[in-house]
Amino acid sequence: MADQIGHMPRGPGRILKAAKWSWQGLCAAWMHESSFRLEVCLFVVLAPLALWLGQSPVEQVLLIGSMLLVIAMELANSAIEAVIERYGPEYHVLAGRAKDMGSAAVFVLMMNVLLCWGLILLPRVF
């Protein structure tokens with residue numbers, strides 16, 4: 001939530017509130033978004049594999065970080081869709097475009113996961 005009165009100092013209370021709101025967002029995504037649940041489940045399976053297969057901390061960060069980017073973009077895409085749905089079920093070309101672009105952003109980051117995993121792990125196989 002944005003500051004309503006200028007630039008208020010941020011202390012532990014504000015940090016805890018922000019953490020609470022973030023947790024609520026994660027819970028809402030888990031409850032309402034099947035794509036988010038699937039991506040989190042894949043992360044739970046693949047993150048330990050990435051720690052095992054990554055030969056350096058940089059490789060491990062690339063393998064895991066690329067998956068975290070997909071999850072983060074899925075959250076943003078879900079937020080875009082929720083705002084659009086808030087205004088009603090009727091079709092509007094701009095609403096459709098926004099939803100398609102959000103979906104495309106998730107897709108691009110999924111391709112990034114394949115690229116990272118492929119460039120790091122395929123040379124070891126061949």
Side-chain angles (χ1 to χ4, degrees):
M1 185 168 154
D3 293 335
Q4 294 178 358
I5 304 172
H7 296 286
M8 297 174 61
R10 297 193 182 264
R14 304 254 318 183
I15 292 169
L16 289 175
K17 284 182 184 180
K20 177 185 171 192
W21 295 323
S22 296
W23 182 253
Q24 288 174 346
L26 289 169
C27 289
W30 183 264
M31 287 186 347
H32 301 286
E33 299 294 332
S34 60
S35 296
F36 177 77
R37 288 190 299 272
L38 175 62
E39 290 157 0
V40 169
C41 289
L42 285 171
F43 178 80
V44 168
V45 170
L46 293 176
L49 189 62
L51 290 173
W52 182 57
L53 293 174
Q55 293 181 345
S56 70
V58 171
E59 287 184 356
Q60 292 171 336
V61 166
L62 286 169
L63 295 172
I64 292 172
S66 63
M67 293 186 295
L68 287 173
L69 287 173
V70 171
I71 292 170
M73 191 62 230
E74 185 65 49
L75 288 166
N77 185 41
S78 296
I80 291 166
E81 290 179 353
V83 168
I84 290 170
E85 293 301 319
R86 159 67 175 87
Y87 288 101
E90 68 277 352
Y91 178 79
H92 190 282
V93 67
L94 293 176
R97 188 183 309 162
K99 290 172 85 170
D100 291 346
M101 289 177 174
S103 179
V106 173
F107 177 77
V108 167
L109 288 173
M110 286 179 177
M111 294 303 100
N112 182 57
V113 170
L114 292 177
L115 180 69
C116 289
W117 282 68
L119 289 175
I120 290 171
L121 299 178
L122 283 179
R124 298 181 195 161
V125 175
F126 299 107

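These numbers come from the heavy atoms of this one structure, side chains and all, not from hydrogens, waters or symmetry mates. Since this is a predicted model, take the numbers as computed values, not measurements.
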**Q** With side chains defined as the heavy atoms from C-beta onward, is the minimum distance between F43 and E39 less than 4.5 Å?
**A**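 Side chain of F43 against side chain of E39, heavy atoms only: no contact under 4.5 Å found.
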**Q** Starting at CG of L49, measure out to CD1 of I64 and round the result to the nearest 0.5 Å.
**A**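 One finds 10.0 Å between CG of L49 and CD1 of I64.
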**Q** Membership question, hydrophobic clusters at under 4.5 Å side-chain separation (ILVMFWY): are Y87 and M101 in the same one?
**A**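 Looking at the clustering, Y87 is in a separate group from M101.
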**Q** Taking atom CG of L26 and atom CD of E33, what is their separation to the nearest 0.5 Å?
**A**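 That separation rounds to 12.5 Å.
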**Q** Heavy atoms, side chains only, cut-off 4.5 Å: are I84 and I80 in contact?
**A**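 Touching, per the 4.5 Å side-chain cut-off.
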**Q** With rounding to the nearest 0.5 Å, note down the distance linking NZ in K17 to CZ in R14.
**A**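 Result: 7.0 Å between the selected atoms.
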**Q** Closest heavy-atom contact between P123 and G118?
**A**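 What the structure gives for the nearest pair is CD-O, 3.5 Å.
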**Q** Side chains of L122 and W117: closer than 4.5 Å at any heavy-atom pair?
**A**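 When only atoms from C-beta onward are counted, W117 and L122 do not touch, as no gap falls below 4.5 Å.
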**Q** Out of curiosity, does V61 fall in the hydrophobic cluster containing L42 (side-chain heavy atoms, cut-off under 4.5 Å, transitive links)?
**A**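 No, separate clusters.
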**Q** Does E59 use its side chain to pair, donor to acceptor, with the backbone of Q55 at less than 3.5 Å?
**A**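 Yes, because the side chain of E59 sits within donor-acceptor range (under 3.5 Å) of the backbone of Q55.
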**Q** Rounded to the nearest 0.5 Å, what's the gap from CG on L46 to SG on C41? Could you check?
**A**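 Answer rounded to 0.5 Å: 11.0 Å.
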**Q** Taking a hydrophobic cluster as the set of Ile, Leu, Val, Met, Phe, Trp and Tyr residues connected by side-chain heavy atoms closer than 4.5 Å, whether directly or through intermediates, do M31 and V44 fall within one such cluster?
**A**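 Result: no, two separate clusters.
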**Q** Has the side chain of E74 got a donor or acceptor atom that lies under 3.5 Å from a matching backbone atom of F36?
**A**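 It does not hold such a pair.
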**Q** So do the side chains of V125 and L121 get within less than 4.5 Å of each other, counting heavy atoms only?
**A**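 Contact flag for V125/L121 side chains = no.
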**Q** Donor-acceptor pair, S103 side chain versus K99 backbone, under 3.5 Å?
**A**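 Not at all, since once roles are kept as given, no pair shorter than 3.5 Å links the two residues.
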**Q** Is there side-chain contact between M110 and V106, with heavy atoms separated by less than 4.5 Å?
**A**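 Contact flag for M110/V106 side chains = yes.
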**Q** Please name the residue in the list L109, N112, L75 that meets the side-chain contact (heavy atoms from CB on, under 4.5 Å) test with V70.
**A**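 One option only clears the test, and that one is L109.
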**Q** Hydrophobic cluster membership, with links at side-chain heavy-atom distances under 4.5 Å among I/L/V/M/F/W/Y: are L114 and L68 in one?
**A**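 Yes, same cluster.
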**Q** Are there over 12 heavy-atom neighbours, none belonging to Y91, within less than 6.0 Å of that residue's OH?
**A**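 Yes.
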**Q** According to a 4.5 Å side-chain heavy-atom criterion applied to Ile, Leu, Val, Met, Phe, Trp and Tyr, with indirect links allowed, do L69 and M111 form part of one hydrophobic cluster?
**A**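 Yes; M111 is reachable from L69 via cluster members.
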**Q** Ignoring hydrogens and angles, tell me if any N or O in the side chain of R86 forms a donor-acceptor pair with the backbone of E81 under 3.5 Å.
**A**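 No, R86 side chain to E81 backbone: no donor-acceptor pair under 3.5 Å.
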**Q** Is there side-chain contact between L63 and Q60, with at least one heavy-atom pair below 4.5 Å?
**A**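 Result no, sub-4.5 Å side-chain heavy-atom pair not found.
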**Q** Find the distance between OG (S22) and CD1 (I15) and round it off to the nearest 0.5 Å.
**A**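 S22 OG to I15 CD1: 11.5 Å, rounded to 0.5 Å.
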